[in-house]
Amino acid sequence: MLSNEPGLPRHPGGLSTLIAGLGFVGLERQRSFASVTLRGVDRAAAFVLRRMLAGTRRGR
């Protein structure tokens with residue numbers, strides 16, 4: 001199951017807790033109030049990408 005009860009993905013800050021390598025961006029309150037807007041989605045995407053890259057480097 002990819003989502004919690006209301007149907008939102010399970011994620012700490014945009015990284016799936018169930019599927020390794022899966023990230024989400026543009027979700028409400030993902031990183032901040034603005035994460036769901038064009039103004040804030042870039043910061044959320046950058047965070048998710050950094051975390052995913054760090055995870056792949058550790059896994060090598």
Side-chain angles (χ1 to χ4, degrees):
M1 181 171 183
L2 283 174
S3 63
N4 59 16
E5 291 304 317
L8 299 173
R10 295 179 184 183
H11 68 91
L15 297 173
S16 174
T17 58
L18 301 173
I19 300 175
L22 177 63
F24 304 98
V25 295
L27 300 173
E28 191 172 339
R29 301 265 184 211
Q30 179 177 345
R31 299 284 303 146
S32 70
F33 177 75
S35 290
V36 73
T37 68
L38 287 176
R39 183 180 212 171
V41 73
D42 62 333
R43 290 186 296 264
F47 173 81
V48 169
L49 181 59
R50 280 192 309 270
R51 295 278 307 269
M52 290 174 90
L53 290 173
T56 58
R57 287 185 192 121
R58 278 194 303 264
R60 288 185 186 176

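Basis for what follows: all heavy atoms, side chains included, without hydrogens, waters or symmetry-related copies. This is a predicted model, so every value here is computed, not measured.
Every residue meeting the side-chain contact (heavy atoms from CB on, under 4.5 Å) condition with Leu49, not counting sequence neighbours, appears here in chain and number order: Leu53. Under the side-chain contact (heavy atoms from CB on, under 4.5 Å) criterion, Ala20 pairs with no residue at all, not counting sequence neighbours. For Val41, the side-chain contact (heavy atoms from CB on, under 4.5 Å) partners two or more places apart in sequence, or in a different chain, are Val25.
No continuous path of ILVMFWY side-chain contacts below 4.5 Å connects Phe24 to Val36, so the two sit in separate hydrophobic clusters.
Among all heavy-atom pairs drawn from Leu15 and Arg51, the shortest one is CD1-CB, 3.3 Å. Taking all atoms of both residues into account, the shortest heavy-atom contact from Ala34 to Arg43 is CB-NH2, 4.0 Å.
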